[in-house]
Number of protein chains: 2
Amino acid sequence: MNAQDILKKYQLSVTDSRLSVLQIFMQAGGALSHSDIESRLKGFHDRVTVYRTLQTFAEKGIIHQIPTIDNAVLYALCKEDCTDGHHHDNHVHFLCTECEITTCLDEVVVPVVKLPRGFRQNDVKMIVTGVCKSCK
Amino acid sequence: MNAQDILKKYQLSVTDSRLSVLQIFMQAGGALSHSDIESRLKGFHDRVTVYRTLQTFAEKGIIHQIPTIDNAVLYALCKEDCTDGHHHDNHVHFLCTECEITTCLDEVVVPVVKLPRGFRQNDVKMIVTGVCKSCK
DNA sequence: TATTATTTTGCAACATTATTGCAAATTTAA
DNA sequence: TTAAATTTGCAATAATGTTGCAAAATAATA
Ligand SMILES: [Mn+2]
Ligand SMILES: [Mn+2]
Ligand SMILES: [Zn+2]
Ligand SMILES: [Zn+2]
């Protein structure tokens, strides 16, 4: 599915900036931060537009967010079945300390965890740090 | 162990700001962000000092960092056995969507996960979102 | 296709958050 | 008590994020 199809699928107007951001994600191997995207756009679009685009994509379920410990949330494309408020990205994320690239390990499902009595569980995120296959 | 003892244990000078920040952590139930701490200090110490204090504490293994998806890294006190570069905080973190408090579930160990061939694993972080015991 | 309605964009202005250098103050070592 | 080492606060600066609004682009309608 190409960029334009994705936008239409999620009922978004097809615009230049949205297409560009989508294409950047599709080319990138791993997850990207706001500033990663900004720099790859090489000034073609405004910073504010990028903020709004990422927010829209996340809300629609086109991209999902990956928490980090360095004040720079990462974003990555979702697989098919994410929709409006409902993401299903229960895979593990891997941050390589060598190449600094964060990847979605789509095939690695986040293991279940048993919480103490009284806790109700909604969503789980798991971030593994280490050395990736390429950098080994 | 009181604040002063902790600082001495980790071979840090005992200063006013460090003691205050430590005490804030000890009183707080859950994890705190930079701005949480800043506001609790009520202007008694400079923002910059808080940044440097948190960084020092994290490096020494007095506090550990909890990733979030809203550009506001959280910090929480480590248990006994963390040292200089080596943290051992392999417990699950729980973010309650009601009270917005993030807590360390010290008794819940992060489950092991099997990565694809070629990946070497260092550290794992797991953040569960839901409704906590108190808010149920 | 031409016109209109709706949405999106870029800019400017502003707000918040984070980093750095350096002198003064504090803490520790002698 | 004094000297050395560390830490702090301030100022300046940078980086990041938000909002309002008019112009531009897109989508819907005739
Ligand atoms: Mn992912
Ligand atoms: Mn913890
Ligand atoms: Zn790597
Ligand atoms: Zn709660």
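Per chain, numbering begins at 1; letters A, B, ... match sequence-line order.
Following rounding to the nearest Å, D70(A) (CG) and dT17(C) (P) show an atom-to-atom distance of 17 Å. Distance OH (Y51(B)) to P (dT17(C)): 7 Å, rounded to an integer number of Å. Atom NE2 in H34(A) sits roughly 12 Å away from atom C1' in dT18(D) (whole-Å rounding). Atom pair L7(A):CG and dT8(C):P shows a separation of 11 Å (rounding to whole Å applied). Atom OH in Y10(A) sits roughly 21 Å away from atom C1' in dA27(D) (whole-Å rounding). When rounded to the nearest whole Å, the span between CG of D46(A) and C1' of dA24(D) equals 14 Å. In this structure, the CD atom of Q11(A) is 19 Å from the P atom of dT26(D), given to the nearest Å. Residue Q4(A) contributes atom CD, which lies 11 Å from atom P of dT26(D) at whole-angstrom precision.
Within the structure, a side-chain polar atom (N or O) of N71(B) is placed less than 4.0 Å from OP1 or OP2 of dG17(D). Here R47(B) does not reach the OP1 or OP2 of dT17(C): none of its side-chain N or O atoms lies under 4.0 Å away. The phosphate of dT26(D) has neither OP1 nor OP2 within less than 4.0 Å of any side-chain N or O from T15(A). Close to dG9(D), at under 4.0 Å from its OP1 or OP2, lies a side-chain N or O of H45(B). Within the structure, a side-chain polar atom (N or O) of S17(A) is placed less than 4.0 Å from OP1 or OP2 of dT9(C).
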Please determine whether side chain to side chain contact (heavy atoms under 4.5 Å, CB included) holds for the pair R52(B) and V48(B), giving the CA-CA distance in whole Å, both sets of side-chain angles, and the decisive distance to 0.1 Å.
CA-CA 6 Å; R52(B) 296 196 264 225; V48(B) 179; 3.2 Å; yes

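If you find the closest nucleotide of DNA chain C to T49(A) and to V14(B), the one lying nearer the 5' end belongs to T49(A). Positionally, the nearest nucleotide of DNA chain C for T56(A) lies more toward the 5' end than for the other of Q55(B) and T56(A). Each of D16(B) and V48(B) was assigned the nucleotide of DNA chain D with the nearest heavy atom; the assignment lying further toward the 5' end belongs to D16(B).
Taking 3.5 Å as the limit, the base of dG17(D) and the side chain of R52(A) contain no donor-acceptor pair of atoms between them.
Residues L77(B) and M26(B) have side chains in contact (heavy-atom distance under 4.5 Å, counting atoms from C-beta outward).
For Q11(B), the CD atom counts as loosely surrounded, since its 6.0 Å shell holds 12 or fewer non-hydrogen atoms of other residues, nucleotides or ligands.
Atoms CZ and CD1, from F25(A) and I62(A) in turn, are 10.0 Å apart once rounded to the nearest 0.5 Å.
Considering H64(B), K79(B), M126(B) in turn, H64(B) is the only one that fulfils the side-chain contact (heavy atoms from CB on, under 4.5 Å) rule with H91(B).
Considering only the side chain of S13(B), dT27(C) comes nearest among dT7(C), dT9(C), dT27(C).
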